[in-house]
Amino acid sequence: MSYNREEEVFEYLTLLVKELEKARTGNGHENYTAFLHGQIHGLAMSLRLLYPGPDNWGEKAALLVRPVITEHRCNCDEHDG
């Protein structure tokens, strides 16, 4: 069995993104939301810096967190080129 730390970090990042989305739906979770935001930013930055090579984990992390951190939604498929 192969063990890849970058995959483990990415999976943890994925869990934090889901947790942030849940925290944003409730009232009174501003502190927890801010904490999660910081954790997500740190993990995404770590993936970008530590695993920039094959599989480009930094890019995968950016694509995962961008809609959540910046609240940016890409409707690329809807654009009529």
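Start at 1 with the first residue, then count along the sequence.
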Practice task
Please round to the nearest 0.5 Å and tell me the distance separating atom NE2 of His29 and atom NZ of Lys22.
Solution key: 11.5 Å

Practice task
Flag the pair Phe35 / Asn31 as yes when at least one side-chain heavy-atom distance between them is below 4.5 Å, and no otherwise.
Solution key: no

Exercise for the section: Kindly indicate whether the side chain of Arg24, heavy atoms from C-beta on, has any atom under 4.5 Å from the side chain of His37. Expected result: yes

Practice task
Would you kindly confirm whether Leu50 and Leu16 end up in one hydrophobic cluster when ILVMFWY residues are joined by side chain heavy atoms under 4.5 Å apart?
Solution key: yes

Completion exercise
Output for pair (Tyr32 OH, Gln39 CD), nearest 0.5 Å, gives 9.5 Å

Exercise for the section: Would you kindly confirm whether Met45 and Ile40 end up in one hydrophobic cluster when ILVMFWY residues are joined by side chain heavy atoms under 4.5 Å apart? Expected result: no

Practice task
Treating Ile, Leu, Val, Met, Phe, Trp and Tyr as nodes and any side-chain heavy-atom pair under 4.5 angstrom as an edge, say whether Phe10 and Tyr12 lie in one connected cluster.
Solution key: yes

Handout entry: Donor-acceptor pair between Glu7 and Asn4 side chains, under 3.5 angstrom
Key = yes

Practice task
Would you name the heavy atoms of Leu13 and Leu47 that are closest together and state the gap between them?
Solution key: CD2-CD1, 3.9 Å

Exercise for the section: Mind checking the OG1-CG spacing from Thr14 to Leu43? Nearest 0.5 Å is all I need. Expected result: 10.0 Å

Exercise for the section: Could you tell me the separation between the CZ atom of Arg5 and the OG atom of Ser46, rounded to the nearest 0.5 Å? Expected result: 12.5 Å

Handout entry: From CD (Glu21) to CG (Leu36), nearest 0.5 Å
Key = 11.0 Å

